[in-house]
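What follows is a short report on a single structure.
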Amino acid sequence: MKMKPIRKLPQVLLLIESSRGYGRNCLMGIASYMRTHGHWQVLHLERGLQEKVPANVERQRFDGVIARMENAQIARSINRMGVPTVDLRGLFQPPGGVCYNTDPSACALMALEHFRQRGFRQLAYCGYPGVDFSDARCTAFKSLCESAGIPVYVFDAFAAKKSTKARQSKKSRSSATPRINTLAREAKGEMDEALIAKWLLTLPKPLGIFACNDMRGRQVLNAVRSTELRVPDHVAVLGVDDDEVICDLANPPLSSIQPDALRIGFEGAEMLDRLMAGETPDQETVLVPPVRVSIRTSTDVLAVDDMDLAEAIQFIRAHGCDGIGVQDVLEATSISRATLERRFREILDRSPREEIERVRIDRIRMLLAETNYGLEKIATMTSYRTAAHLVTAFRRIAGCTPGQYRSQFRG
């Protein structure tokens, strides 16, 4: 009996750092795709974001590459291999390949909504000028804030340094902001903390600060601690990447936007499979929206001067999943319905009923992401009469079904 030839597994190189949560989640997404769609023969090197491709690896033969190309040297090394390539960094476009990246506009919108839900009327942005993702998020955040009529202040490290250093050459300014070198810029950011502290003292309070990533968020928290300002009462800080090591070791723990790196890894692997099969991609860049805000101490506050309104919001957040209605809020605060409705609209741009619903949906998001509870149990825990009522409300507010939302956390 003639044996069928054994199908050769595709040889795939993974050049993705495991030193940060973002890269690790991308790798987990790739692994999820491999489990469900057949294995590859994979070479994955333990590496940092900036490390070049080893010469012995560059000489090997691969059928495809998934990488996070942080600099031109890495991009050139991968391009020389001449194989289908998917990039998960979004900075260098591989010839004939596809880039996946976290959507900067969606991050900015999530940050704005997070601060608005907490009543902030003054916002700021602190990033690394010259670093691509930081500049993109800054531009999007400024545009959204201006459209919403909210003042936004942007930390300019160069202007701050120039004001304290009378003599700064054009050459030194240029070299301080390489177009591509995230880790070096993060390291230099440690020296910005005194300048950030000085900047913060000039701004109105309470202030919500959107940091370009978790490292910058931690540096902002360190700067606040060197002043008499308090987090989150005077200054609330939100990062991006939701790297648990960075966020939980920050003082206080840092709230952060969670990118959908699992989806980016999964879809990037799916795209590489298609490219290796000879397909032509229909788009060069795919922007993936983030998942949610992981709320920690650094933004767990209400920036509301109106004591009656603050009391109403606190009551809703404490009891929103207990089946309360607007009448219960009125009884807890002893103010008229018309006044309550007006103050909610003026400060939060939504009604008390909408705030109750928002609290319930946020709780559902958390339960879907962090537990294996069924919809009937979650409906009971959030005071929906049935799972069907929960699904209808969730789809209307979140824009997807609970099952679709949960699948984002299961690869």
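Residue numbers start at 1 and run along the sequence shown.
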Reported [atom1]-to-[atom2] distance for the pair [X] and [Y], which is rounded to 0.5 angstrom:
X    : Y    : atom1 : atom2 : result
C107 : Q258 : SG    : CD    : 11.0 Å
T85  : N79  : OG1   : CG    : 6.5 Å
R406 : N372 : CZ    : CG    : 6.0 Å
R68  : T182 : CZ    : OG1   : 8.5 Å
R292 : D260 : CZ    : CG    : 11.0 Å
M271 : D273 : CE    : CG    : 11.0 Å

Quiz item: Does the salt bridge (Lys or Arg N to Asp or Glu O under 4.0 Å) test come out yes or no for R363 and E370, once each step is laid out?
Solution: CA-CA 11 Å; R363 176 69 172 170; E370 299 180 9; over 6 Å; no

Practice problem: Determine whether the side chains of Y384 and E376 contain a donor N or O and an acceptor N or O closer than 3.5 Å. | Solution: no

Are [X] and [Y] close enough that some pair of their side-chain heavy atoms sits under 4.5 Å apart?
X    : Y    : value
T382 : I361 : no
D135 : V131 : no
L123 : L207 : no
N101 : F133 : no
S351 : E341 : yes
I30  : H44  : no
M81  : L13  : yes
I209 : L200 : yes

Which heavy atom of [X] sits nearest to which heavy atom of [Y], and what is that distance?
X    : Y    : value
L221 : N251 : CB-O, 4.0 Å
L340 : V326 : CD2-CG1, 4.3 Å
L275 : G96  : CD2-O, 4.0 Å
A111 : F141 : CB-CE1, 4.1 Å
I356 : G320 : CG2-O, 4.0 Å
R350 : R345 : CA-NH1, 3.3 Å

Quiz item: Would R343 and D308 count as a salt bridge (Lys or Arg N to Asp or Glu O under 4.0 Å) if you check the C-alpha gap in whole Å, the side-chain angles of each, and the deciding distance to 0.1 Å?
Solution: CA-CA 9 Å; R343 291 179 181 176; D308 289 330; 3.2 Å; yes

Exercise. Go through R230 and K205 one step at a time and tell me if the side-chain contact (heavy atoms from CB on, under 4.5 Å) criterion holds.
Key: CA-CA 11 Å; R230 294 193 306 273; K205 315 294 184 304; over 6 Å; no

Practice problem: Pick out which of T285, L88, D87 makes a side chain to side chain contact (heavy atoms under 4.5 Å, CB included) with Y100. | Solution: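 So the option named by the test is L88.
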
Looking at [Y], is its backbone amide N or carbonyl O close enough to the side chain of [X] to form a donor-acceptor pair, meaning the two atoms are under 3.5 Å apart?
X    : Y    : answer
D192 : L195 : no
D214 : D243 : yes
S407 : Q404 : yes
S77  : V53  : no
S383 : G323 : yes
Q219 : E186 : yes
D63  : Q11  : yes
S334 : L330 : no
S147 : S143 : yes
R118 : T299 : yes

Quiz item: Between Y153 and T202, is a side chain to side chain donor-acceptor pair (under 3.5 Å) present by the stated rule, with each step listed?
Solution: CA-CA 11 Å; Y153 307 88; T202 68; over 6 Å; no

Exercise. Sequence neighbours left out, what passes side chain to side chain donor-acceptor pair (under 3.5 Å) with R296? Give chain and number order.
Key: D242, D248

Within a reach of under 6.0 Å around [atom1] of [X], are more than 12 heavy atoms found that belong to other residues, nucleotides or ligands?
X    : atom1 : answer
E331 : CD    : yes
R353 : CZ    : no
E113 : CD    : yes
R317 : CZ    : yes

Quiz item: After noting the C-alpha distance and the side-chain angles of L43 and L14, does the key distance pass the side-chain contact (heavy atoms from CB on, under 4.5 Å) rule?
Solution: CA-CA 6 Å; L43 174 62; L14 301 181; over 6 Å; no

Quiz prompt | F315 and H319 aromatic ring geometry - parallel, tilted or perpendicular at 30°/60° bounds | solution = tilted

Practice problem: Decide yes or no on side-chain contact (heavy atoms from CB on, under 4.5 Å) for I347 and R121, but give the supporting numbers first. | Solution: CA-CA 9 Å; I347 304 299; R121 296 296 190 91; 3.3 Å; yes

Practice problem: Start with the C-alpha distance between E193 and R225, add both sets of side-chain angles, then the distance that settles salt bridge (Lys or Arg N to Asp or Glu O under 4.0 Å), and finish with yes or no. | Solution: CA-CA 10 Å; E193 290 176 7; R225 283 211 324 276; over 6 Å; no

Self-check item: Pair R358-E355, salt bridge (Lys or Arg N to Asp or Glu O under 4.0 Å): steps then yes or no
Solution: CA-CA 5 Å; R358 188 195 65 78; E355 175 67 5; 3.0 Å; yes

Quiz item: Does Y125 have R137 sitting over its ring (NZ/CZ under 6.0 Å from centre, angle to axis within 45°)?
Solution: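 No.
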
Quiz item: Hey, mind stepping through L112 and F210 against side-chain contact (heavy atoms from CB on, under 4.5 Å) and telling me if it holds?
Solution: CA-CA 8 Å; L112 175 60; F210 179 30; over 6 Å; no

Tell me which donor-acceptor pairs under 3.5 Å the side chains of residues 387-398 have, and how far apart each pair is, sequence neighbours excluded?
{"from": "H389", "atom 1": "ND1", "to": "T386", "atom 2": "OG1", "distance (Å)": "2.6"}
{"from": "H389", "atom 1": "NE2", "to": "R385", "atom 2": "NH2", "distance (Å)": "3.0"}
{"from": "T392", "atom 1": "OG1", "to": "A388", "atom 2": "O", "distance (Å)": "3.1"}
{"from": "R396", "atom 1": "NH2", "to": "E357", "atom 2": "OE2", "distance (Å)": "3.2"}

Exercise. Run the numbers on N213 and R216 for side chain to side chain donor-acceptor pair (under 3.5 Å), then give the verdict.
Key: CA-CA 5 Å; N213 66 0; R216 197 50 155 172; over 6 Å; no

